[in-house]
Amino acid sequence: MKHRFISKKYWQETENVFGTIGEKIAAIEDCINLSIGDPDLTTDVRITESAFADAKAGHTKYTHIRGQIELRDEIRRFYKEEYDLDIEDEEIMVLTSGLFGMYVTLQAVLDEGDEVLIQTPCFSSYFMQVKMAGGVPVQVPTYEEEDFQMDYTRLESYITPKTKVLIINSPSNPTGNCLSVDTMKHIAEIAIKHDLLVVQDDIYTAFSFQEKFMPILKLPGMRERTVIVNSFSKNFLMTGWRIGNIIAPPYLIRTIAEMNEAIVFSAPSVSQRAALYALKNRKTLQPPIVDEYKRRMEYAARRINQIPWMKVIEPPKGSFYLFINIKALGITSREACDMILDKAHVLFLPGDLFGECGEGYIRLACTAGVDKLKEAFDRIEKIAVFRR
C-alpha cells in the first residue's frame, strides 16, 4: 500500500497466496492440506532433548558471529565425509535459516539493476528477495518434457551484460527434480565463461532418491564462484528452529558476517546446539525420515498417474513435492486448485506461483501420511470433470 511512512519500493503490493491458506483450511472442516512444505513429522526427540540439555548447561548466550566453532567444525566434517570436499572454516557462516542465508547473500552481492537468472519453476520467495536487494529476477524456464533439466543453450540465451548471479535448486521445490551431473557441468562451464556467481539452494539434499546428491561446488573452477545455501529445516524436520548455514568464498563470508552482526548478531544458540547434534547423528536420524517421505512420494505418484486428467514424472527423484500436470483439464492451475478444493476438500498450490512456466501444474506437498494421501486421492478420483 502507498503511505508516506512506507518505503516506495514496497508500495506495489504483492500477492500473498500463502497468507490465505489458513483461511481456506478453516473454512472447510475436513480439508486435507497438501499445500505448504512444512513437514508433518516433528523434530526427533533426541535432537530436542540434547538442545534443551545444552540450554540448561548454559548455552543460552550470543555465539561467535559466524556460528559456534563446534558447529562450524561439524559442517566441515560433513562436507569432507559426504563429498570429499575440504571446506575451510573461513568459508562457513551459520545463519538464522536457509531463507535468511539467501537473503543476505543477495544483499551482499547485488547492485541496483543487476540481473539474477533463476531456474524456474522455483521457490517463489526468490523473486521477492532479488527485488529487495535491488536486482532484477530473470526466469529461465525448465520443462517437464526435458525432465526439468536446465537447457544450457537456453540458459546462455538469457545472459546479458547485466547478469551477475544464477540461482539453482536441486532437489527442486516445486518440481521434485534433481539436476543431473551433466547438467551441472554445463552450468559450471557457462558460469565460468560469463563470470557468474552461482547460488545453489541445497535445502532438500537428503531427499535425493535416485542418485546421491553432488554439490556444484565440487566441479573445477566453481569454488571461488559458488554460494551454497543450506538448512536444517527439511533435512532434519527443524523448520521452527530457524537454523541454516552458507558455504561461500571468504571475501563474501566476511561481508555477510558484517551484515549479520548488524541484523541479528548471531544465530540462536539453542538452535545451533540442536543443529550440531543433528549433523553429528545424521546417519541414525535421517534414514527413517527419508524412507518415509520416499514411500509417500512413490504412493502419491502412482495414484496421480491413475487419474486420467493428472500426470507426474515417475518415479519421483527428490524433495517431498510432486509437480502435477493438469493441462488435460484445459483450465488454469488456479482454477484447478479451486475445483479440487471445492469438490474434494483437498488443498494444493497453483503452479504459476513458482514461475510463468509453472502454469498448467499444481504442487503437492507430501506432508501427510499415506493414509491421508489415500483419502485425498480417493476423493479426487470421484470428481466429475468437464474439460474445455
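This structure is a prediction, so every number in the text was calculated from the model and none was measured.
- Relative ring orientation between Y103 and F100 is described as parallel, the plane-to-plane angle staying below 30° on a 0-90° scale split at 30° and 60°.
- With no hydrogens or angles considered, a side-chain donor-acceptor pair links E115 and T160 at under 3.5 Å.
- In this structure, I118 CD1 and N169 CG are separated by 11.5 Å, a value rounded to the nearest 0.5 Å.
- Scanning for salt bridge (charged side-chain N to carboxylate O under 4.0 Å, His left out) contacts around D111 gives K164, with sequence neighbours left out.
- When the side-chain hydrogen bond (donor to acceptor under 3.5 Å, both in side chains) test is applied to E81, the partners found at least two apart in sequence or on another chain are R282.
- When atom types are taken as modelled, the side chain of T226 and the backbone of M222 share a donor-acceptor pair closer than 3.5 angstrom.
- Residue pairs that meet the ring-ring contact (aromatic ring centres under 6.0 Å, His included) test with at least one member in residues 149-181, sequence neighbours left out, are Y152-H186.
- In this structure A274 satisfies the side-chain contact (heavy atoms from CB on, under 4.5 Å) test together with I47, A51, M238, W241, sequence neighbours excluded.
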For residues 297-305, which side-chain donor-acceptor pairs fall under 3.5 Å, sequence neighbours excluded?
from, atom 1, to, atom 2, distance (Å)
E298, OE2, K294, NZ, 2.8
Y299, OH, R303, NH1, 2.7
R303, NH1, D378, OD1, 3.3
R303, NH2, D378, OD1, 2.8
R303, NH2, E381, OE1, 3.2
N305, OD1, V312, N, 2.9
N305, ND2, A301, O, 3.4
N305, ND2, V312, O, 3.2
N305, ND2, E314, OE1, 2.7

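- Between the side chains of Y79 and D86, no donor N or O sits under 3.5 Å from an acceptor N or O.
- Here K317 pairs with D147 under the salt bridge (charged side-chain N to carboxylate O under 4.0 Å, His left out) rule; sequence neighbours left out.
- Listed by chain and residue number, F207, F320 satisfy the ring pair (Phe, Tyr, Trp, His ring centres under 6.0 Å) test with Y293 (two or more places apart in sequence, or in another chain).
- Under the rule for a salt bridge (charged side-chain N to carboxylate O under 4.0 Å, His left out), the partners of R379 that lie at least two apart in sequence or sit in another chain are D30, E375.
- Residue pairs meeting the salt bridge (Lys or Arg N to Asp or Glu O under 4.0 Å) criterion with at least one partner in residues 224-248, sequence neighbours excluded, are D195-R225.
- For H345, there are no ring pair (Phe, Tyr, Trp, His ring centres under 6.0 Å) partners, not counting sequence neighbours.
- Between the side chains of N325 and E144, at least one donor N or O lies within less than 3.5 Å of an accepting N or O.
- Qualifying salt bridge (charged side-chain N to carboxylate O under 4.0 Å, His left out) partners for R296, counting only residues two or more places apart in sequence or in other chains: D40, E292.
- With 3.5 Å as the limit, one finds no donor-acceptor pair spanning the side chains of N177 and S170.
- Applying the ring pair (Phe, Tyr, Trp, His ring centres under 6.0 Å) criterion to Y251, with sequence neighbours excluded, gives no partner residue.
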